[in-house]
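What follows is one structure encoded as structure tokens, with my remarks underneath.
This one's a predicted model, so the numbers in the text were calculated from it and none came from an experiment. A, B, ... follow the sequence lines: proteins, then strands. Residue 1 opens every chain.
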Amino acid sequence: MLLWETLGTAWKALGASKLRTALTTLGMVIGVGAVVTMLAMGEGARAMIEGKIRSLGTNLLSVTPGAPTRGPVRTGSVETLTWDDARAIAELGEVALVSPESMSSAQVRYLARNMTSSVVGATASYLAVHSYDLTAGTAFSDNDLLARRRVAIIGANVARSLFGNLSPVGERIQIKGMSFKVLGVLEEKGNEGFFSPDDQVLVPLSTHQAALFGRDYLSSIALQVASEEATSRVETEIKRLLRLRHRLGASAEDDFDVRSQQEMLQVMGQVIGIFTALLGSVAAVSLLVGGIGIMNIMLVSVGERTREIGLRMAVGARRRNILLQFLVESVIVSVAGGLVGLGLGALGAAGVATVAGWPMVVPVYAVVLALATSFGVGLVFGVSPARRAARLDPVEALLHE
Amino acid sequence: METDGSSALTAQHLVKIYNPDRPELAVRAVDDVSFTVERGESVAIVGPSGGGKSTLMYMLGCLSRPTSGSYFIDGRDVARLGDDALAEVRNRHIGFVFQAANLLPRRTAVENVMLPLAYAGARGARERALEALERVGLAQRAAHRPNELSGGQLQRVAIARALVTRPSLLLCDEPTGALDSRTGREILDLLEALNREGTTLLMVTHDAAVARRMRRALRIGDGKLEADGPTGEVLDGAPARASDAGGG
Ligand SMILES: Nc1ncnc2c1ncn2[C@@H]1O[C@H](COP(=O)(O)OP(=O)(O)O)[C@@H](O)[C@H]1O
Ligand SMILES: [Mg+2]
């Protein structure tokens, strides 16, 4: 009875100025949208990282140039690792496979089509270390490396973009204007966080260094240790070896960093964590701004409807009926904004998931949290206008112009 | 002081001071006013502008509390009731008709009439609201919104809204003030008819012709009750009767 009257009044009041109502919800839309996107991103990234850790195995190490850092931001020189370092590491005991790698970005062209891709100089062990398979053609041979042949293995996306449905094997592509013969095509892997293996082109490391980019330094050395329990031993060995080879004094910092794959993924997790924290603060500020916006409009509404409030009091509305009326209105506005934000947030999460290549997860608690938050914001920021309305003097309200 | 429970209302030494805490702004708008109205009476409240008529009516309508004095409706002292209890008295016992109809603009006539019943928690609100509209001759306009109704029709809807809770007391503040004289007469005819059916009627007006439609008149000037008696005598300048609580 009174409930219907209250809801009916809210509906008419909010419907009377639709544009104003819509603008009022904007802060909540953005705030809740950011919260939902953030939570979904966090969940998706966690799911992906856990999946990778499970599938990669735990006996992979990665050596990168530059001083080690705890966070994701790298400092120091990045030109410290050489192929000879990699060869020396391969001589260590308990090291099964070593893959020295040098990565650059370049234009790749086939006939009239071209794209920018990561051109990776690699050796024959690259595929085994990273557990990549070929869907067509063959891998590099030792002779390809020795002779610095202009041959390439292309990722699945590169094959699709340049060749469409044609078979790339045996065709010639242009990298930085030089002609390369396609030996094989990599199987599709999907995105790995911020790097897409499907977009890369592999060439012999010797060709990469001598012919294509003319530099001797490596981007990284990936290696497989004989067994999981040997990993930390090998890590220590590599550190000692490289410090020796790089002639680092006792007080000098490492100019390289050895990490396990797990650690690499954890670093990525940290990057995602910073991202989500950033979004989280945007969300918090938006919710605050949204709440203040709602409060502002509700105060305006109370002012405009002062006579109506006086009339309601004259016909028997108690103060709490008036209070509830305005609280209901602010909560409806806020929750409506929250629902729209939830939808947009889910869309945003789906977009991020597609780009980043992780599963799209909108956790149930995110939905509950979004609705509870928008309800709470409506309540908290509606209280002050609603109290102002409820405390009006009936006579003064009735006489209000 | 005891009151006779059969009276519609009894005012005893009612005083209303605006801004009592700030002497330089304090106004004694109603100053020691006492009178009794029996059930079924029709009473005009007349007097010069600024004399205190509206202030008195707001107190009689339980929209404001007297600074001092007692006020009984149907034998019950309501002068010191809390906000919620006053709201309930307004809802159950009092119907208001103001100069402006004060209808909710986006609601139909019948929805406007239902409003007091929503706060009463009454059942069958729509049926009762339609009955009230029928009583004021507007049953066929029930689904119309205020912007589709004439001034006289708006005031009829307001009267239906005042009637719908079947109050014992109808309080009107210049109900015809915004209407042309013919429409005003029709509204007065309606109010008079309601009074004949038993509703106690109090009407604030500065219009002598309107006041003469009521049988009794109170003249308020400078906050004081200056005259109380049959309308003709009061309007023609008779002095106040001795107005003790039981008198009438
Ligand atoms: N809210 C108020 N605050 C202060 N003074 C008021 C207020 N309302 C009315 N008054 C004063 O009280 C006196 C009586 O006013 P009112 O009851 O409106 O008289 P009437 O209805 O007879 O014209 C006037 O002097 C008026 O200025
Ligand atoms: Mg007045």
Counting only non-hydrogen atoms closer than 4.5 Å, does R107(B) touch chain A with its backbone (N, CA, C, O), its side chain (CB onward), both, or neither?
side chain

Looking only at heavy atoms, the pair that brings R90(B) and A317(A) closest together is NH2-O, 4.2 Å

More than 12 heavy atoms from other groups under 6.0 Å of CD on E134(B)
no

Examine whether an atom of R305(A) lies under 4.5 Å from a heavy atom of chain B, and if so say whether it belongs to the side chain, the backbone or both; otherwise answer neither.
neither

One should read off an interatomic distance between Y119(B) OH and I322(A) CD1, to the nearest 0.5 angstrom, of 5.0 Å

Count the heavy atoms belonging to other residues, nucleotides or ligands that lie under 6.0 Å from CZ of R388(A), then report whether that count exceeds 12.
no

Check whether more than 12 heavy atoms from other residues, nucleotides or ligands sit under 6.0 Å from atom CG of D222(B), and answer yes or no.
no

Report which part of D83(B) has an atom under 4.5 Å of a heavy atom belonging to chain A: side chain, backbone, both, or neither.
side chain

pair E5(A)-E111(B): side-chain heavy atoms closer than 4.5 Å:
no

Using non-hydrogen atoms only, which part of L63(B) is less than 4.5 Å away from chain A: side chain, backbone, both, or neither?
both

Side-chain heavy-atom pair V315(A), T165(B) within 4.5 angstrom cut-off:
no

Between CG on residue D393(A) and OH on residue Y58(B), distance to nearest 0.5 Å
10.5 Å

Atom pair CG/CG of L2(A) and L115(B) - distance to nearest 0.5 Å:
9.5 Å

Contact origin within R307(A) toward chain B - heavy atom pairs under 4.5 Å:
side chain

Side-chain contact, heavy-atom cut-off 4.5 Å: L104(B) with R312(A)?
yes

